[in-house]
Amino acid sequence: MASIGLFEASISLFCFLIFYYFLINKHYGNLLIKKYLQSCPWNWPVLGMLPAVLMRFNRIDDAIYIIEKTNLTFLFKGPWFSRMDALITVDPANIHHILTSNFSNYVKGPEFKEIFDVYGDAIFNTDGELWKNLRMSFQVILHQQGFQNLSLSVTTSKLKDVLLPLFSHYSEEGTVVDLQDVFRRFMFDISLISITGSDPQSLSIEMPEVEFAKAFDNAGEAILFRHVIPKFLWKFQRWMGLGQEKMLLEAGATFDRICAKYIDAKREEIRSQGIDHDHDHSNGESEDVLTSYIKLDTSKYELLDPSNDKFIGETLLSFIFAGRDTTATAITWFFGLLTKNPNVEAKIRQEIITNLPEASQERSWSASDHKEYLNKLVYLHASLYEAMRLYPPIPFERKSPIKSDVLPSGHKIDANSNIIIPIYALGRMRSVWGEDAWEFKPERWISETGGLRHEPSSKFLAFNSGPRTCPGKHLAMVTMKTVVVEILQNYDINLVKGYKIEPKPRLALQMNHGLRVTLSKRSSA
Ligand code: HEM
């Protein structure tokens, strides 16, 4: 890098500024030049493959085709001196090597942390001993009965007291509703209650704009942008306080202010209630995440300091970031796919009814009855997995090797280089999933004996694989099944006529323009 001359750097910067101005700037988005570029070659002089990627940002199928044709692995060439080169792979053998068998050599790395800097030392941002401490504490808290009780009761009451009455209103009025917006608000509210104990009430008939939720959206947009433009450009933007970087700075300030408010209130609540710090909540009453972290037993986690508000704030943000949009996105795609696959919907409904125990009619079942019931819904489980195979909520994974290495596919990779695993593309590889890879077929997940077929996580990567497998997977599956059962028992969902469902590239794979539907109450409900 030190050897780059001022002249080359200036040419590179100049090319980017022109490129950025004309092609990314929304105002000029429809210029003829854009059309021309869409038919242009992949690899450009100086600018590498970046123009092609940005121009085809909404034509993701092109990229998938290229990955399939290059035997599941190819080298993306970024612009000259931009350090954007990346090895892109969806080869399950490479994925297993990177995420599991050679886990210690493949880290998130400093570049990832820099891109996600607004989240500080959040669990998904860190490596090494700090990550181990965070991961252990996360898992313990997620598995505590106190948290599980709270999470289930919050989900059920939000469903019954807010979401279903809202659906009833929409169905009576015949209103077109964006289910993506509804599920994102629903997940934001239940995440916030489970984490802080307070309800932001973003899901209501008024659909208010909630500053905290908006800050997550803005931060996500800016972070995505940092993935697709060279570092020097976003650093320059940040320095100037412009565009997405300005939005990110503002989001960071909102995070700090709102987290401080939650933390101060919770510390005060704990002080005033004089809660016994040694009391074990692992079996009994409900306990939110913030309370559990403030009372964390530090003897088990040397690197975590619950008296430090920065640590508590970052933990709060990581829980919301990790659980909210992922789950909301998965439920949205699931319902989107159901609207186009009435046979699958009918089978799920049948399974829901067949397995309902008598007692459930009176709604008097316990948490363990509920768990037992959900476990029986194998076809629903298969359908949710199938939706996430085709539309993984987190569409790509990023890694960096500490030492140079050779992948099982024979590709040599340098230390500190970038590796990207496009999870969205992986689910569509015919060589991995068969000729019907693009079809929505929950049956592929059902074994000969009628149980759930196991697929290696290096092939089904929606929840990641290896030591960094999503710790919220079980919670997410329980939440999604609970929501689906309640909605399908009560409502028919119809896609607005002529409405096209398509993905929008974001950190979580949302639907472009949402999921616009009408609802009608089922006569049996
Ligand atoms: C359908 C829902 C979900 C999906 C598809 C999902 C998927 C994933 C994926 C792919 C990763 C790896 C990300 C990376 O390495 O950058 C991840 C990590 C993580 N997830 Fe989830 N997730 C879901 C829900 C949840 C929930 C509900 C929680 C908890 C409240 C959660 C907590 C986490 C955490 C803490 C990590 C970081 C783990 C680590 O770095 O060790 N997730 N998740």
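Counting starts at 1 for both ligands and their atoms, in listed order.
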Engineer: Side-chain donor-acceptor pair under 3.5 Å between Y262 and S198, yes or no?
Structural biologist: no

Engineer: Are the side chain of R453 and the backbone N or O of I446 linked by a donor-acceptor pair below 3.5 Å?
Structural biologist: yes

Engineer: Would you call the rings of F103 and W131 parallel, tilted or perpendicular, where under 30° means parallel and over 60° means perpendicular?
Structural biologist: tilted

Engineer: On the 0 to 90° scale, with breaks at 30° and 60°, tag the W433-F460 ring pair as parallel, tilted or perpendicular.
Structural biologist: perpendicular

Engineer: Roughly how far, to the nearest 0.5 Å, is CG of L130 from CD of E302?
Structural biologist: 12.0 Å

Engineer: Is it true that the NZ or CZ of R516 lies under 6.0 Å from the centre of F335's six-membered ring and within 45 degrees of the ring axis?
Structural biologist: no

Engineer: Parallel, tilted or perpendicular: which describes the rings of Y385 and F463, with under 30° parallel and over 60° perpendicular?
Structural biologist: tilted

Engineer: Identify, by atom number and element, the atoms of ligand 1 in contact range of G323, meaning under 4.0 Å from any of its heavy atoms.
Structural biologist: 25 (C), 26 (C), 27 (C), 28 (C)

Engineer: Quick test: of every protein heavy atom, which one is nearest to atom 24 (C) of ligand 1, and how far off is it to 0.1 Å?
Structural biologist: T326 OG1, 3.4 Å

Engineer: If we only consider heavy atoms of P471, is any one of them less than 4.0 Å away from an atom in ligand 1?
Structural biologist: yes

Engineer: Specify the protein heavy atom at minimum distance from atom 25 (C) of ligand 1: its residue, its atom name, and the distance to 0.1 Å.
Structural biologist: A322 O, 3.5 Å

Engineer: Among F319, F124, F116, which one puts a heavy atom closest to atom 30 (C) of ligand 1?
Structural biologist: F319

Engineer: Test of understanding: given a 4.0 Å heavy-atom threshold, classify the contact between N464 and ligand 1 as side chain, backbone, both, or neither.
Structural biologist: both

Engineer: Using a strict cut-off of 4.0 Å, indicate which atoms of ligand 1 neighbour a heavy atom of W131.
Structural biologist: 39 (C), 40 (O), 41 (O)

Engineer: Given that the side chain starts at C-beta and the backbone is N, CA, C, O, which of these parts of E397 lies under 4.0 Å from ligand 1, counting heavy atoms, or is it both or neither?
Structural biologist: side chain

Engineer: Could you tell me, atom by atom, which parts of ligand 1 come under 4.0 Å of a heavy atom of F138?
Structural biologist: 35 (C)

Engineer: Not counting sequence neighbours, list each pair that qualifies as a salt bridge (charged side-chain N to carboxylate O under 4.0 Å, His left out) and has a residue in residues 390-404.
Structural biologist: E111-R398

Engineer: Would you call the rings of F124 and F321 parallel, tilted or perpendicular, taking 30° and 60° as the class edges?
Structural biologist: tilted

Engineer: Nearest non-hydrogen atom to atom 2 (C) of ligand 1 belongs to which of A476, P395, S318?
Structural biologist: A476

Engineer: Does ligand 1 have an atom that lies less than 4.0 angstrom from a heavy atom of M477?
Structural biologist: no

Engineer: Would you please classify the geometry between the F216 ring and the F255 ring as parallel, tilted or perpendicular, with 30° and 60° separating the classes?
Structural biologist: tilted

Engineer: How far is atom 22 (N) of ligand 1 from the closest protein heavy atom, and which atom is that?
Structural biologist: C470 SG, 3.1 Å

Engineer: How far is atom 9 (C) of ligand 1 from its nearest protein heavy atom, and which residue and atom name does that atom have?
Structural biologist: I394 CD1, 3.6 Å

Engineer: Residues in side-chain hydrogen bond (donor to acceptor under 3.5 Å, both in side chains) with D189, at least two apart?
Structural biologist: S202

Engineer: Report the nearest protein non-hydrogen atom to atom 38 (C) of ligand 1: residue, atom name, distance rounded to 0.1 Å.
Structural biologist: R135 NH1, 3.4 Å

Engineer: For residues E245 and L248, determine if any side-chain heavy atom of one lies less than 4.5 Å from a side-chain heavy atom of the other.
Structural biologist: yes

Engineer: List ligand 1 atoms under 4.0 Å from P393, heavy atoms only on the residue side.
Structural biologist: 5 (C)

Engineer: Considering only the protein, which heavy-atom contact is closest to atom 4 (C) of ligand 1, and what is its distance?
Structural biologist: F463 CE2, 3.4 Å

Engineer: Starting from atom 28 (C) of ligand 1, which protein heavy atom do you reach first, and at what distance in Å?
Structural biologist: G472 CA, 3.6 Å

Engineer: Check each of R398, K108, R468 against atom 16 (O) of ligand 1 and report the one with the nearest heavy atom.
Structural biologist: K108

Engineer: Quick one: look up the protein heavy atom nearest atom 10 (C) of ligand 1 and list residue, atom name and how far away it is.
Structural biologist: A462 O, 3.2 Å

